[in-house]
Amino acid sequence: MIDNKKNIQLLVECLKEHSIRNIVISPGGTNIAFVKEVQDDPFFHCFSVVDERSAMYFAIGLYLQTGEVIVTSCTSAQATRNYVPGLTEAYYKKVPILAITMSKHPRFTYQEYMQAPDQSSLPNDCIKSSYSLPIISENDDVIHSIRLINEAILETTHRGCGPVQLCIPWLDFPLSAITPRNRCIKRYTMEEPWDVLLKNKRVLICIGEHMRFGERERSALEKFCECYNCAVYTNHLSNYSGKYSFEGNLLFTTISVERFKTEIRPDVLITIGGQTGDYPFYRLFSKLELGEIEHWRVDYNGHVTDTYDKLTKIFECTEATFFEKLTIAELDTHEYYEKINSCIMYNLEVEIPFSNAYAARKLTKIIPQNSIVQFSILNSLRVWNLFHFENQVECYSNVGAFGIDGGMSTLIGQSMVTSELCFMIIGDLAFFYDMNSLGIRGLKSNIRVLLVNNNGGVEFKLGKVDSKDVDRYIAAGNHFKNAKGWAETCGFEYLRAQTEKEFDSAIEKFVSLNDKPIVLELFVSDTDDATAYNKLVTTNTEGAAFNQFKDNMKVSVKKLFGRI
């Protein structure tokens with residue numbers, strides 16, 4: 001199976017040969033393999049700085065005192081963009097920094113895949129040069145990488161010092177079991193005939209991130225669903241609920257690939273809206289063969305967005321126009337939706353420890369009608385997608401570029417122009433990135449921040465690993481103590497809960513009108529937070545799927561950390 005660990009090994013060896021020791025590490029997922037290689041190696045001096053904006057300036061400070069080339073390491077998504085202010089200072093100050101950035105496989109760029117913005121599009125005046133390593137699949141790629149790594153290191157001090165970017169692609173889900181087949185992708189406009197056929201086919205509409213549906217769009221979609229054997233996949237970011245829709249995150253997290261293929265696989269997948277932010281959905285559809293499914297994309301701009309590698313048709317028109325054009329006489333049966341519904345038998349009332357999931361289960365039942373809810377990525381969004389909101393709310397998350405930062409600023413911007421309650425669901429690392437937003441002048445009393453302080457990125461603690469080992473750099477634990485002083489300084493009422501009883505007694509005030517904005521900080525252990533999510537998943541996972549979930553988790557942990 002092709003992976004890119006060889007690039008990491010080559011890089012570490014070259015850093016040693018060039019006597020480069022100081023590394024500033026920011027937490028993330030795609031740079032785990034690099035961090036794991038250097039954090040236990042006595043040759044390197046590693047520093048943990050959570051916010052990449054600070055990390056780059058921190059690196060400048062190291063250089064000013066040591067006079068040595070400094071390495072920085074960050075994950076993909078918005079992390080590279082957060083380097084830009086410090087890189088710009090380093091460029092004009094002529095500071096030799098090797099900025100090691102990570103990216104997804106190039107095929108995912110501009111394809112609405114999670115955390116895959118273009119990592120090489122940095123401004124001219126923040127780096128001397130940018131280098132991107134190849135995906136290693138043969139010896140020629142190894143030779144190419146060796147040359148590029150050395151060239152990048154040499155360029156930091158070549159004819160004047162300055163920052164250099166070295167981008168390393170990383171494979172999330174290697175598709176070694178899938179044999180690619182050629183296919184023809186067609187684009188259809190309103191000015192030409194559409195040679196499409198949906199009769200007698202199972203149709204799944206997937207709604208990604210979406211603004212509130214207008215009356216025309218909602219009516220067109222619902223009439224379309226009446227005409228075909230159709231179901232509509234949604235999560236909180238879809239902001240849609242209709243007669244044939246289902247909230248499918250937990251189902252697609254727990255169902256086995258075999259059962260999905262044999263029981264509820266659609267013949268045609270139609271996608272509208274932006275990113276789903278939904279890894280379980282991607283995992284299932286990426287494992288289908290081309291002959292098993294077609295992907296149709298509705299996009300007013302007509303972009304070739306082949307997220308699942310099955311794209312065959314692009315419809316360059318509005319969503320309402322697409323559904324109206326294909327609406328026909330009403331269908332007698334809706335077997336597909338009924339079949340999916342029969343698979344949705346969740347048990348979410350299982351006993352779980354005090355955690356983000358515990359809070360989500362309580363609050364989704366009582367957050368008031370018409371509230372605005374903003375989720376930080378990734379753990380907050382994933383956990384809350386397991387639960388159904390009893391009242392109609394609008395949900396959002398920064399899944400465009402899929403960065404950890406900026407969630408509270410976005411929510412606060414929304415709060416300024418609405419009288420509805422506005423809730424932010426955020427972990428301690430994401431809060432740490434964006435805490436300055438609490439000091440924005442003129443904040444309204446409708447802001448509610450649920451801060452889940454689980455000591456670092458629980459994202460990286462879902463497997464059975466030594467959390468102390470992970471906390472040092474990968475999950476960046478022990479950086480953030482509490483928000484009390486800052487919240488109160490900024491005019492917020494501060495509430496805290498360390499137990500279920502304290503939380504239960506605080507939530508009535510949290511979801512009610514108040515004369516001040518409120519921060520409610522939950523202090524939960526990382527172990528309990530991971531345990532709660534895993535228990536909800538495994539409780540709702542059947543037989544072979546449960547075993548597959550455990551096996552996949554073991555493989556992932558072993559791949560990332562080298563041990564079970």
Side-chain angles (χ1 to χ4, degrees), residues 104 107-116 173 183-189 194 196-198 201-213 217-218 220-222 224-225 228-242 244-249 251-252 260 264-290 292-327 336-337 340 381 385 395 397 399-400 402:
K104 307 297 184 181
R107 73 184 181 91
F108 292 121
T109 307
Y110 304 109
Q111 297 302 301
E112 292 191 353
Y113 180 75
M114 290 75 72
Q115 300 181 296
F173 306 113
R183 59 197 149 97
C184 177
I185 301 175
K186 294 184 178 181
R187 182 188 284 117
Y188 300 87
T189 65
W194 293 4
V196 300
L197 180 64
L198 289 176
K201 292 186 177 181
R202 287 179 163 187
V203 180
L204 180 65
I205 300 170
C206 175
I207 305 177
E209 181 187 23
H210 207 289
M211 298 285 282
R212 280 182 300 178
F213 278 70
E217 288 75 18
R218 177 177 293 278
L221 173 54
E222 292 183 353
F224 176 89
C225 290
Y228 297 100
N229 191 13
C230 191
V232 182
Y233 179 97
T234 67
N235 63 24
H236 293 327
L237 304 187
S238 305
N239 286 312
Y240 174 84
S241 178
Y244 298 103
S245 69
F246 67 100
E247 295 178 355
N249 177 271
L251 173 62
F252 281 15
F260 172 74
I264 60 173
R265 170 186 58 82
D267 299 306
V268 177
L269 169 67
I270 300 174
T271 58
I272 65 173
Q275 291 198 47
T276 64
D278 204 330
Y279 278 96
F281 189 94
Y282 176 81
R283 286 189 180 99
L284 285 177
F285 282 88
S286 67
K287 291 181 179 179
L288 296 177
E289 300 283 355
L290 178 60
E292 295 178 304
I293 192 173
E294 277 192 78
H295 174 199
W296 298 5
R297 174 66 181 168
V298 182
D299 184 354
Y300 180 76
N301 296 308
H303 292 157
V304 180
T305 306
D306 188 15
T307 311
Y308 309 103
D309 313 312
K310 313 294 187 303
L311 186 67
T312 56
K313 292 178 173 61
I314 306 162
F315 297 89
E316 189 173 316
C317 62
T318 66
E319 295 162 8
T321 299
F322 171 82
F323 292 121
E324 289 169 349
K325 186 176 177 68
L326 292 184
T327 295
Y336 185 45
Y337 174 73
I340 288 177
L381 178 61
N385 259 329
C395 296
S397 180
V399 295
F402 228 109

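All values below were derived from every heavy atom in this structure, side-chain atoms included, with hydrogens, water molecules and symmetry-related copies excluded. Since this is a predicted model, take the numbers as computed values, not measurements.
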Engineer: When you measure from the side chain of Arg218 to the backbone N and O of Ser241, does any donor-acceptor pair fall under 3.5 Å?
Structural biologist: yes
Engineer: Any idea which heavy atoms bring Arg187 and Val304 closest together, and the distance?
Structural biologist: NH2-CG2, 3.6 Å
Engineer: Hey, does Thr307 have a side-chain heavy atom less than 4.5 Å from the side chain of Thr271?
Structural biologist: no
Engineer: Please round to the nearest 0.5 Å and tell me the distance separating atom OG1 of Thr189 and atom CD of Glu316.
Structural biologist: 6.5 Å
Engineer: Give a yes or no on whether the backbone of Phe246 and the side-chain of Thr234 come within a donor-acceptor separation of less than 3.5 Å.
Structural biologist: yes
Engineer: Would you kindly say whether His210 and Glu319 are connected by a side-chain donor-acceptor distance under 3.5 Å?
Structural biologist: yes
Engineer: Between Thr312 and Glu294 (side chain of the first, backbone of the second, donor and acceptor by atom type, cut-off under 3.5 Å), is there such a pair?
Structural biologist: no
Engineer: Is it the case that the side chain of Gln275 and the backbone of Gly400 share a donor-acceptor pair, with hydrogens and angles ignored and the cut-off at 3.5 Å?
Structural biologist: yes
Engineer: Would you give the length of the straight line joining atom CZ of Arg265 to atom CG of Leu284, rounded to the nearest 0.5 angstrom?
Structural biologist: 12.5 Å
Engineer: Rounded to the nearest 0.5 Å, what separates atom NE2 in His295 from atom CD1 in Ile270?
Structural biologist: 9.0 Å
Engineer: Counting N and O atoms only, with roles assigned by atom type, does the side chain of Asp306 sit under 3.5 Å from a partner on the main chain of Leu311, one being a donor and the other an acceptor?
Structural biologist: yes
Engineer: Using modelled atom types only, decide if a donor and an acceptor are shared between the side chain of Asn239 and the backbone of Arg212 within a distance under 3.5 Å.
Structural biologist: no
Engineer: Tell me the closest heavy-atom pair linking Arg183 and Asp309, and the distance in Å.
Structural biologist: NH2-O, 3.1 Å
Engineer: In terms of relative ring orientation, are Tyr240 and Phe213 parallel, tilted or perpendicular, with 30° and 60° separating the classes?
Structural biologist: tilted
Engineer: Would you confirm whether Asp267, through its side chain, and Arg202, through its main-chain N or O, come within 3.5 Å as a donor-acceptor pair?
Structural biologist: yes
Engineer: Atom NZ of Lys325 and atom OG1 of Thr318: how far apart are they, to the nearest 0.5 Å?
Structural biologist: 11.5 Å
Engineer: Counting distance only, does the side-chain N/O of Tyr228 pair as donor-acceptor with the main-chain N or O of Leu326 below 3.5 Å?
Structural biologist: yes
Engineer: Nearest 0.5 Å, please: how far is OH in Tyr233 from CG in Leu251?
Structural biologist: 8.0 Å
Engineer: Between Tyr336 and Ile264, what is the shortest heavy-atom contact and its length?
Structural biologist: OH-O, 2.7 Å
Engineer: Please assess Phe252 against Phe285 for the test side chain to side chain contact (heavy atoms under 4.5 Å, CB included), listing each intermediate value before the final yes or no.
Structural biologist: CA-CA 10 Å; Phe252 281 15; Phe285 282 88; 3.8 Å; yes
Engineer: List the atom of Cys230, the atom of Ile205, and the distance in Å for their closest heavy-atom pair.
Structural biologist: SG-CD1, 3.6 Å
Engineer: Where do Leu381 and Gly277 come nearest, in terms of heavy atoms and distance?
Structural biologist: CD2-O, 3.9 Å
Engineer: Can you find a pair of side-chain heavy atoms, one from Trp194 and one from Phe322, that are under 4.5 Å apart?
Structural biologist: yes
Engineer: Does Phe281 have its ring centroid less than 6.0 Å away from the ring centroid of Tyr308?
Structural biologist: yes
Engineer: Spell out, as yes or no, whether a donor-acceptor pair under 3.5 Å connects the side chain of Asp278 to the backbone of Asn249.
Structural biologist: no
Engineer: Taking the inter-plane angle between the rings of Trp296 and Phe315 on a 0 to 90° scale, is it parallel (under 30°), tilted (30 to 60°) or perpendicular (over 60°)?
Structural biologist: tilted
Engineer: Does Glu292 offer a backbone N or O that forms a donor-acceptor pair with the side chain of Lys310 under 3.5 Å?
Structural biologist: no
Engineer: Rounded to the nearest 0.5 Å, what separation is found between the CD1 atom of Ile293 and the CG atom of Leu288?
Structural biologist: 5.5 Å
Engineer: So which heavy atom on Phe260 is nearest to which on Pro266, and how close?
Structural biologist: CZ-CD, 4.1 Å
